[in-house]
Structures are given as structure tokens and as C-alpha cells.
Amino acid sequence: MPSYDSNNIFAKILRGELPCYKVYEDDKAIAFLDIMPRAPGHTLVLPKAPARNLLDIGADDLAHVARVAQKVAKAGMTALGADGITVQQFNEGPGGQVVFHLHVHVIPRKSGVPMKPPASEKEKPDVLADIAKKLSAALAAS
Ligand code: DGP
């Protein structure tokens, strides 16, 4: 497996070099909206540690990402009125991974509404900003 490349797009977001619609941050993890959501509220949860994916992350950082993913999932249910949550996580190109800093997809779902295909359409900034506001308020209160 290749080693971690600190020029990946999520590393740049983590360093504040690129913007994101942040919904949660603590000392070990960050969560922000996917700009090409498969459903409204599609959020990515990342460790701050420089891990490429599930295959090189430390166990403690992985456990922390799972805890944050659970918080984000619960916020999606309450703040966005989701009926369910899909969680996805891809590893290496053949496993479906495109950006090589570990991230967990937390995707709020509504009954009977299929997910869009991966990375099919960039969402409008005002829609993302509105959803980020709702999710971050729910996460701040949790
Ligand atoms: P994957 O590596 O296949 O697990 O998915 C990468 C996801 O990242 C994909 O759903 C689209 C999203 N994405 C790509 N570029 C950006 C970006 O610049 N900002 C944000 N927030 N999401 C991005």
C-alpha cells in the first residue's frame, strides 16, 4: 500500500488551506459535509491523524472516529428528520476510495428515497450552509 500523501484534498482541509462546511471538530477528529452528497446531510468524519484508510489507522483513532460517526448519525436523525442512516467507508482504489485520508461517510436517509450515485453532482453552497448549520447546532447540543 502507498504511504500517506499529505497533499490529499482532505489533508488540505484539515490544515485550513481549503474551506469546508464543518459540522463538528474536537482534538482528534473533524466532520464536514460532502460537497457531492449522495443524500442531504451526507457528512464525512475524519481522524486528524494522518491515516490513509482503515489499513493504517491506529486503533484508538479509529475508535474515536466511530464515536464521532455515531454522534453525527444521531444528529442526522434529529436535526434533519432522517428515517435511517447509511454508513460507508472505502479502502484503496479497488475498494472504492478516491480521497486517501481515512473518512467515514454518514448519510442520512429518507424512506423510499434512493441515494444518488457517488460524486454525481455538486450541491449548491446555500443548501450546504443551511444543512451544516442544522447539523452543527444538533452536535453542539449533544
Ligand atoms: P471516497 O474517497 O470514495 O470515500 O469519497 C470521497 C468523497 O469526497 C466523495 O463522496 C466526494 C467528496 N469530495 C471530493 N472532493 C471534496 C472536497 O473538496 N470537499 C468535500 N467536502 N468533499 C469532497
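Just follow the structure's listing: the first ligand is 1, and inside any ligand the first atom is 1.
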With no hydrogens and no angle check, do the side chains of N91 and Q97 hold a donor and an acceptor under 3.5 Å apart? no
Does the pair D130/K134 count as a salt bridge with the N-to-O cut at 4.0 Å? yes
More than 12 non-hydrogen atoms from neighbouring residues, nucleotides or ligands closer than 6.0 Å to CG on D26, yes or no?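 Counting neighbours around CG of D26, more than 12 heavy atoms of other residues, nucleotides or ligands fall under 6.0 Å, so yes.
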Is it the case that over 12 heavy atoms from other parts of the model lie below 6.0 angstrom from the NZ atom of K48? yes
Which residue pairs pass the ring pair (Phe, Tyr, Trp, His ring centres under 6.0 Å) test when at least one of the two sits in residues 43-84, sequence neighbours left out?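 Checked against ring pair (Phe, Tyr, Trp, His ring centres under 6.0 Å) - neighbours excluded - no pair reaches residues 43-84.
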Lys NZ or Arg CZ of R52 over F100 ring: under 6.0 Å, within 45°: yes
Sub-4.0 Å heavy-atom environment of ligand 1, residues by chain: I9, F10, I13, F32, L33, D34, I35, M36, L44, F90, G96, Q97, V98, V99, H103, H105
